[in-house]
Amino acid sequence: MSKIENVRVRFAPSPTGPLHIGGVRTALFNYLFAKKHGGAFLLRIEDTDSTRFVEGAEAYILEAFAWLGIAFDEGVGIGGPYGPYKQSERKSIYKKYVDELLEKGLAYYAFDTPEELDAMRKRLEAEKSRSLQYDASTRQDMKNSLTLSPEEVKEKIENGTNYVVRMKIDPGETLVVNDLIRGKVEVQSDILDDKVLYKSSDGLPTYHLANIVDDHCMKISHVIRGEEWLPSAPLHVLLYRYLGWSESMPAFAHLPLLLKPDGNGKLSKRDGDRLGFPVFPLQWKDPKTGDFSQGYRENGYFPEAVVNMLAFLGWNPGTEQELFSLEELAEVFSLERVNKSGAKFNLDKALWYNQQYLHKKSNEAILPAFKSILKEKWDTGVMGEDAKNEAAILISNEKKLLQIIGLVKERMHFTKEFWEQTYFFFVAPTTFDEKVIKKRWSAETPTHLQQIVALIAEEPNMDATVLENKVNLFIENNALNMGKIMNCLRLSLVGTSMGPHLWDIVEIIGKEETIKRIDFACKTISC
RNA sequence: GGUCCGUUCGUCUAGUUGGCCCAGGACGUUAGGUUUUCAUCCUAGAAAUCAGGGGUUCGAAUCCCCUACGGACUACCA
């Protein structure tokens, strides 16, 4: 696939809360597209709605991408030649273009109060009017610079009356958006309303104007964003024209939405709480309510797994390969392979991806996670208090810990499962699974186990294979029931019928501990 | 309501220039195998009349039309 020159794309979130995985995927696709073509990927913060600003949201966004390994080339927190990258810091830039549109007669002042706007909609509704919009068919009945005399307008502005600037859209024109994913989309200008571009209340533009001005000033080549923007794309095309920038207008690509796993509709924050999976990359604490929302990071997902899983929602490489690193994704990514229809989020697949990445990791790579869980368990006292006990010795033996990881890694999906998979290496069972006792334990079991204890006791070489061969030979020679003996042995050492190869466990916990546990089980279990 | 977008196994999807597709892969699911156990792993299977209907064509999941259904948007939010 040929490279496109001078690619510059941006991710432009609003700091109105934590970043949701739909947004993360949009950012990811932008990033991949930029890397694929050797272009630049920028982060712009769209904070033109001062009323919705949420403390900490911006820091959250930066931290989330740092965790995911998605790096920006320019933008908030990084800097760059086209800054500032935060819209609230670009006020004066927008004002210039608002004035230009006003001068050209492509925009006008409107003084209607929220109550008056509300009344207008109610009136239109009552009249069964087809459109409830502020547009060419209704603006002549409202208070704006098209209906008021120049003197009245001047007076109102000088009096400090709040106003907005609306884009003047005339009917009867077909607007065309050439979308890279959806093809040609046509819309009649009649259905567009006279969008508010600027509000005097805070001196800031609204999304539509700020977006177009910034994309132009920052030399954005491709606008890759969610499908929810498709309906307003024709308006944006028109704005580029109003500002005389049609020639350099970026290409558009509207991504399919991420949908709820059950039912239909956009994936939302609530779905995560309701269905019990994270909707955010990182945990988020709502500064107002203090409520926590789960995050992939805190739930134990690897960033590589989250990236890989997200990349496959709405896109695929067209081959049967499913595991891709971020670098590999950047190599094969293309917008032509992005789907048109929305993708339902699938938790099972997310789990599977994490498992795949866990299995791919070296034992050394996940040792720190194992150690921190062990430390936490040690601190809570579940392994006893004696600083020199068996568990303490084992914890300090890195070689053994790596050996244990090798034994249990394949059985896990997350590193957080370490304790449930390895507790028996550190803590002797005190209770025994009743079901196993019922099924396997019998009156003569203690006798047989003691015979095996004797075999273990005399064995100088505590090697898993050596012990296995020795005990198997004993079982065969005495015509004992292999399944029964082995399960009772496991029950004695682990407390239940789960876990890795028995003799590997014995090799690690050692002769003394093994014998101690079997003795305890024989004394404790009665039938 | 209006406008726009979409519709292949339960889910993510392959299928882009019509024939190799009575539709392939993955997740999940079922069965069997491996294992002393659980998990992993391996093998096999079930699972989409390609939303429905009508065309065009020797031939359509792939092209055209209609219908249905779903979604997004419809703020001085982004």
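Looking at the side chain of Asn346(A), the nearest of the listed nucleotides rU11(B), rU40(B), rC12(B) is rU11(B). Side chain of Asp49(A), nearest nucleotide from rU37(B), rA78(B), rU36(B): rA78(B). Considering only the side chain of Ser341(A), rG6(B) comes nearest among rG15(B), rG6(B), rU74(B). Out of rU40(B), rA78(B), rU37(B), the shortest distance to the side chain of Glu410(A) is found at rU40(B). Of the candidate nucleotides rG28(B), rA78(B), rC12(B), rA78(B) has the atom lying nearest to any side-chain atom of Glu46(A).
In this structure, Lys349(A) forms no cation-pi arrangement with Phe312(A), as its terminal cationic atom is not both closer than 6.0 Å to the ring centre and no more than 45° off the ring axis.
Taking the P atoms as reference points, rU43(B) lies 34 Å from rU62(B), given to the whole Å. Using atom C1' as the reference point in both rU7(B) and rA51(B), the two lie 6 Å apart (nearest Å). Comparing rA44(B) with rU8(B), their P atoms are spaced 28 Å from each other, to the whole Å. Using P as the reference atom, rC50(B) and rG45(B) are 23 Å apart when rounded to the nearest Å. A distance of about 14 Å separates the P atoms of rA61(B) and rG24(B), rounded to the whole Å. For rU29(B) and rA68(B), the P atoms lie 38 Å apart once the distance is rounded to whole Å. With both ends at atom P, the span from rA39(B) to rU30(B) equals 12 Å, rounded to whole Å.
For the OP1/OP2 pair of rA78(B) and a distance below 4.0 Å, the side-chain nitrogens and oxygens of Arg52(A) include no atom meeting the criterion. Look at Asn339(A) and you'll find a side-chain N or O under 4.0 angstrom from OP1 or OP2 of rA14(B). Residue Asn316(A) places at least one side-chain N or O under 4.0 Å from the OP1 or OP2 atom of rA14(B). Regarding contacts with the backbone of rC77(B), every side-chain N or O of Thr48(A) stays at 4.0 angstrom or more from both OP1 and OP2. Taking 4.0 angstrom as the limit, Arg44(A) places none of its side-chain polar atoms (N or O) nearer than this to OP1 or OP2 of rA78(B).
Summarising the geometry, the separation between OH on Tyr109(A) and C1' on rC76(B) is reported as 16 Å, rounded to the nearest angstrom. Rounded to a whole Å, the NZ atom of Lys340(A) is 17 Å from the C1' atom of rA72(B). Rounded to whole angstrom, the span from the NZ atom of Lys199(A) across to the C1' atom of rC77(B) amounts to 9 Å. Here the C1' atom of nucleotide rU16(B) and the CD1 atom of Ile181(A) are 15 Å apart, to the nearest Å. In this structure, Glu227(A) places its CD atom 16 Å from C1' of rA78(B), rounding to the nearest Å. Between the CG atom of Asn308(A) and the P atom of rC27(B) there is a distance of 13 Å, given to the nearest Å. Atom C1' of nucleotide rU35(B) and atom CG of Asp504(A) are separated by 12 Å, given to the nearest angstrom. One atom, CG of Asp118(A), and another, C1' of rC76(B), lie 13 Å apart when rounded to the nearest Å.
At a cut-off of 3.5 angstrom, the base of rU36(B) holds at least one donor-acceptor pair with the side chain of His501(A). Between the side chain of Lys266(A) and the base of rA72(B), no donor-acceptor pair of N or O atoms lies under 3.5 Å.
Residues Leu204(A) and Ser88(A) approach most closely at CD2-CA, 4.2 Å, considering heavy atoms.
Residue-level contact check: Gly314(A) touches the backbone only, with heavy atoms under 4.0 Å from sugar-phosphate atoms and none from bases. Among the atoms of the strands shown, only primed sugar atoms or phosphate atoms (P, OP1, OP2) are found under 4.0 Å from some heavy atom of Leu230(A).
With Asp194(A) contributing its side chain and Arg166(A) its backbone, the two residues share no donor-acceptor pair below 3.5 Å. Counting only distance, with no hydrogens or angles, the side chain of Asn144(A) and the backbone of Leu146(A) share a donor-acceptor pair below 3.5 Å.
Look at Glu417(A) and Lys409(A) and you find no salt bridge, because none of the NZ, NE, NH1 or NH2 atoms lies under 4.0 Å from a carboxylate O.
Using cut-offs of 30° and 60° on the angle between ring planes, the pair Trp229(A) and Tyr207(A) is parallel.
Contact of the Pro429(A) side chain with the Arg517(A) side chain is registered, since non-hydrogen atoms from C-beta on lie closer than 4.5 Å.
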